[in-house]
Structures are given as C-alpha cells and as structure tokens.
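Single-structure report; data block below.
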Amino acid sequence: MKTPAKSDGDILDGIQLGLGAWAWGDRFVWQFGRGFGASDVRGAFEASMAAGVRLIDTAEVYGSGRSERFVGEFARASDHPALIATKFFPWPWRLSRKSLVSALKGSLNRLGLPAVDLYQVHNPISPLSPESLAEGLMDCLDAGLARSVGVSNFDESQMLRAHSTLARQGAALVSNQVHYSLLQRSVEMNGLLARCKELGVRVVAYSPLEMGLLTGKYGSGHLPPGSRALRYATLVGRIQPLLRVMTEIGQDRDGKSIAQVALNWVIAKGAIPIPGAKTADQAMENLGALGWSLTPDQVSSLDAASAEALF
C-alpha cells in the first residue's frame with residue numbers, strides 16, 4: 001500500500017511578507033500593458049527577491065495564465081530561492097477531484113517547474129465538496145506535484161472540513177488565503193482568524209492595501225483606474241480619518257508610509273500580507289513594512305479608526 005505524501009506544514013514558517021502577482025499580465029483590473037509591462041514586473045520580482053522576500057503568489061486565472069508564465073520565467077532565472085504558490089480555480093465543469101492534478105499540471109507547464117511549493121484551492125464555490133477538494137489536494141501531494149497545500153476564501157466550516165480530510169491522511173492544511181486589510185476585517189469578526197491560529201493554519205492576506213486605496217494616493221477627486229473606480233467610489237471619501245491616523249503613526253515611526261503602516265498592521269495580527277507590486281519602486285515601498293513593529297497602542301488606534309471607516 002502506498003504511503004500518502006505528507007505536506008510540508010512548516011513551509012511558511014518565518015515568512016512575514018509575500019509578493020502578489022495578480023496584476024502581472026492582467027489587463028481587465030490592472031491594465032497590464034498600460035503604464036507597466038513585463039520589464040516592470042520583472043523589476044518588482046527581482047527587488048523583492050534581493051531583499052529577502054520568498055513567497056510569490058499567483059494563480060492559473062491571473063492574466064489568463066500570463067502571471068504564472070512571468071513568475072516561472074523570473075524564478076528560473078533568479079539566483080534567489082523562491083516559494084511559488086499558485087491556485088486551482090474550481091470552474092463548474094471541473095466535476096472530479098482528478099481536476100486538481102490536471103489543473104496543477106497545466107500550471108506547472110506554464111511555470112516551467114516540476115512542482116510548486118504551495119497549491120491552493122482558489123475558492124470553495126465548486127460542484128465539489130470541501131472534502132473532495134481536499135482529497136484532490138492530497139492527490140497533488142501524492143503525485144509529488146506540490147510540497148504543501150492550502151485553501152483560499154474558505155469560511156470556518158469549509159476550512160475545518162478540508163483540514164479534517166487532510167489530517168486523516170497525515171497531511172497539513174498549511175494556509176487559508178483570505179481578503180484581509182484595515183478595510184476588510186471580517187476574518188477577525190467571524191472567528192476565522194482565531195480558528196486558523198488554533199489549528200496552525202497560516203492566514204495569507206490578499207489585497208492588504210485594498211488595491212491601492214490604503215496607499216493614500218487616491219481620494220474623492222482621484223479614483224483608482226479601471227474597474228477599481230467603481231468598486232471603491234463610495235469608500236474613498238469615508239476613509240480619510242483613517243488615513244490621517246495612519247499618517248500620524250507613520251510619522252511617529254520614523255516616517256513610515258501609509259502603505260507600510262497598513263502592511264505592518266496585518267503582520268501584527270499574525271497574518272502574511274501579499275501586496276501586489278507592478279514595479280521595483282512599489283516592491284521597495286512594500287518592503288518598508290519589515291524590520292519594525294507597531295506598538296499595541298498603535299494597533300488599537302488603527303483598529304478604532306478602521307471600525308469608524310467601516311461602520
């Protein structure tokens with residue numbers, strides 16, 4: 001009888017900050033090719049790697065596969081080791097757990113790699129149950145195509161079902177990637193963050209800068225481009241008091257930027273933020289979130305200002 005593969009449950013140990021590659025090749029949301037291109041995202045990758053960032057997060061649907069191709073190309077050419085994470089998208093016609101192995105093979109072909117470090121289910125909206133999705137992840141481990149596995153956008157119940165299925169076969173659910181920022185705190189309020197800590201599942205926070213809104217560069221008269229303008233039009237005006245608190249705290253912390261304060265807040269909560277970067281300059285800005293920590297009082301002040309903006 002074949003011994004099941006064991007996922008590397010320690011793969012994210014010591015990781016404080018990752019790099020999100022959603023924008024790399026995405027033309028609809030991020031307008032790839034308008035103002036930034038392949039050389040720019042390569043610069044973001046190289047700056048991050050040189051500064052010690054290791055976790056690079058992509059997905060098969062980002063840029064219709066272009067993001068994976070960029071990530072693989074850059075990783076193969078780099079002198080720095082990278083932890084590559086990608087995701088399975090549960091399209092409604094993917095009706096079997098075998099779909100995960102097949103999809104991962106497609107991702108590996110685009111990445112040009114024999115295996116990924118972390119393979120995740122992109123969301124639980126699927127004809128497959130959380131148990132079947134977890135079994136498919138187990139198949140990926142057994143095939144040697146992934147070193148560890150996780151989920152994304154799973155609520156507490158769905159995560160527990162996937163976690164239990166993997167645990168029965170001696171494998172770990174390493175992560176749950178969720179939307180988490182000063183402007184999206186549902187994982188705190190619904191108990192998911194606490195349950196992840198209890199189980200040893202790392203929370204990976206996507207959109208920790210709220211697609212640029214928590215950088216301070218947008219306001220009522222200057223909205224983000226593309227579809228982001230519609231998404232955030234009503235919120236931009238409400239967050240100015242929060243941005244002022246973030247500015248004051250940043251000034252007290254040797255001139256840290258609003259974005260760096262936002263990322264450090266996520267780290268203080270025990271999650272791994274994976275902000276996107278389209279250029280080397282943006283990557284270096286994100287890296288300024290490392291090497292220091294908000295005080296408990298500063299975290300509390302941000303919590304309060306965030307709550308006022310949200311409610």
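The shortest heavy-atom contact between E285 and A259 is OE2-CB, 4.0 Å. Of all the heavy atoms in E68 and T86, the pair that sits closest is OE2-OG1, 2.6 Å. Counting all heavy atoms, side chain and backbone alike, L182 lies closest to A262 at CD1-CA, 4.1 Å. When every heavy atom of P127 is checked against every heavy atom of P90, the shortest pair comes out as CD-O, 4.5 Å. A pairwise comparison of heavy atoms in L137 and G150 identifies CD1-O, 3.6 Å as the closest pair. Contact record, A75 with I84: CB-CD1, 4.2 Å, taken as the closest heavy-atom pair.
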Self-check item: side chain to side chain donor-acceptor pair (under 3.5 Å) between S107 and E60, intermediate numbers included
Solution: CA-CA 6 Å; S107 289; E60 62 175 336; 4.6 Å; no
Practice problem: Dump the intermediate steps for side-chain contact (heavy atoms from CB on, under 4.5 Å) on L183 and L213, then the final yes or no. | Solution: CA-CA 9 Å; L183 295 178; L213 211 62; 3.9 Å; yes
Quiz item: What's the verdict on side-chain contact (heavy atoms from CB on, under 4.5 Å) for E73 and R42, showing C-alpha distance, side-chain angles and the deciding distance?
Solution: CA-CA 9 Å; E73 176 187 344; R42 180 187 289 274; 2.6 Å; yes
Quiz item: Which is it for R34 and R27 under the side-chain contact (heavy atoms from CB on, under 4.5 Å) test, yes or no, and what are the steps along the way?
Solution: CA-CA 8 Å; R34 301 178 188 175; R27 295 189 173 98; over 6 Å; no
Quiz prompt | Residues S164, E131; criterion side-chain contact (heavy atoms from CB on, under 4.5 Å); working and verdict | solution = CA-CA 8 Å; S164 297; E131 290 83 1; over 6 Å; no
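For the atom pair CG of L173 and CG of L166, the computed distance is 6.0 Å after rounding to the nearest 0.5 Å. With rounding to the nearest 0.5 angstrom, the CD1 atom of I272 is 9.5 Å from the CD1 atom of I267. Atoms CG and CG, from D8 and D117 in turn, are 8.5 Å apart once rounded to the nearest 0.5 Å. Atoms CD1 and CZ, on I239 and R244 in that order, are 11.0 Å from each other to the nearest 0.5 Å. For the atom pair OG of S157 and CG of L192, the computed distance is 11.0 Å after rounding to the nearest 0.5 Å. The CZ atom of F88 lies 6.0 Å from the OG atom of S126; values are rounded to the nearest 0.5 Å.
A distance of 6.0 Å or more separates the ring centres of Y62 and F32. Residues F36 and W24 place their aromatic rings such that the two centres sit no closer than 6.0 Å.
By the rule that hydrophobic residues join a cluster once side-chain heavy atoms approach within less than 4.5 Å of another member, V61 and I125 end up as members of separate clusters. Hydrophobic cluster membership differs between L95 and M138, with clusters built from Ile, Leu, Val, Met, Phe, Trp and Tyr side chains linked at under 4.5 angstrom.
Between I11 and R147, some side-chain heavy-atom pair lies under the 4.5 Å cut-off. For the pair L242 and E308, the minimum side-chain heavy-atom distance is 4.5 Å or more. Contact of the K269 side chain with the D303 side chain is registered, since non-hydrogen atoms from C-beta on lie closer than 4.5 Å. K278 places none of its side-chain heavy atoms less than 4.5 Å from the side chain of D40. Proximity of R94 to L128: side-chain heavy atoms (C-beta onward) are nowhere separated by under 4.5 Å. Using a 4.5 Å heavy-atom threshold, the side chains of R69 and L111 count as separate. Counting heavy atoms from C-beta outward, K105 and L145 have side chains that approach closer than 4.5 Å. Side-chain contact check for V266 versus V203: every heavy-atom pair is 4.5 Å or farther apart.
Judged purely by atom type and a 3.5 angstrom limit, S257 uses its side chain to pair as donor or acceptor with the backbone of Q260. Counting only distance, with no hydrogens or angles, the side chain of R253 and the backbone of I249 share no donor-acceptor pair below 3.5 Å. Judged purely by atom type and a 3.5 angstrom limit, R202 uses its side chain to pair as donor or acceptor with the backbone of L12.
No side-chain N or O of Q158 forms a donor-acceptor pair with one of H163 less than 3.5 Å apart. Judged purely by distance below 3.5 Å, without hydrogens or angles, the side chains of T165 and E135 never pair a donor atom with an acceptor atom. For the 3.5 Å distance criterion, the side chains of S67 and T58 qualify, holding a donor opposite an acceptor. In summary, the side chains of D57 and Q177 do present a donor paired with an acceptor at a separation below 3.5 Å, with no hydrogens or angles considered. Between the side chains of S129 and S132, a donor-acceptor pair is found at a separation under 3.5 Å. If you check the side chains of S186 and Q184, you find a donor sitting under 3.5 Å from an acceptor.
Of the charged side-chain nitrogens involved, at least one lies within less than 4.0 Å of a carboxylate oxygen, so that R97 and D139 count as a salt-bridged pair.
The number of heavy atoms from other shown groups lying within 6.0 Å of CG (D254) does not exceed 12.
Screening F89, Y206, W91 against H122 for a ring-ring contact (aromatic ring centres under 6.0 Å, His included) leaves a single residue, F89.
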For residues 45-53, dump all side-chain donor-acceptor pairs below 3.5 Å to protein atoms at least two apart in sequence or in another chain.
unit_1 : atom_1 : unit_2 : atom_2 : d
S48    : OG     : A44    : O      : 2.9

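Residues satisfying the side-chain hydrogen bond (donor to acceptor under 3.5 Å, both in side chains) criterion with N264, sequence neighbours excluded, are absent altogether. Not a single side-chain hydrogen bond (donor to acceptor under 3.5 Å, both in side chains) links Q282 to another residue, sequence neighbours left out.
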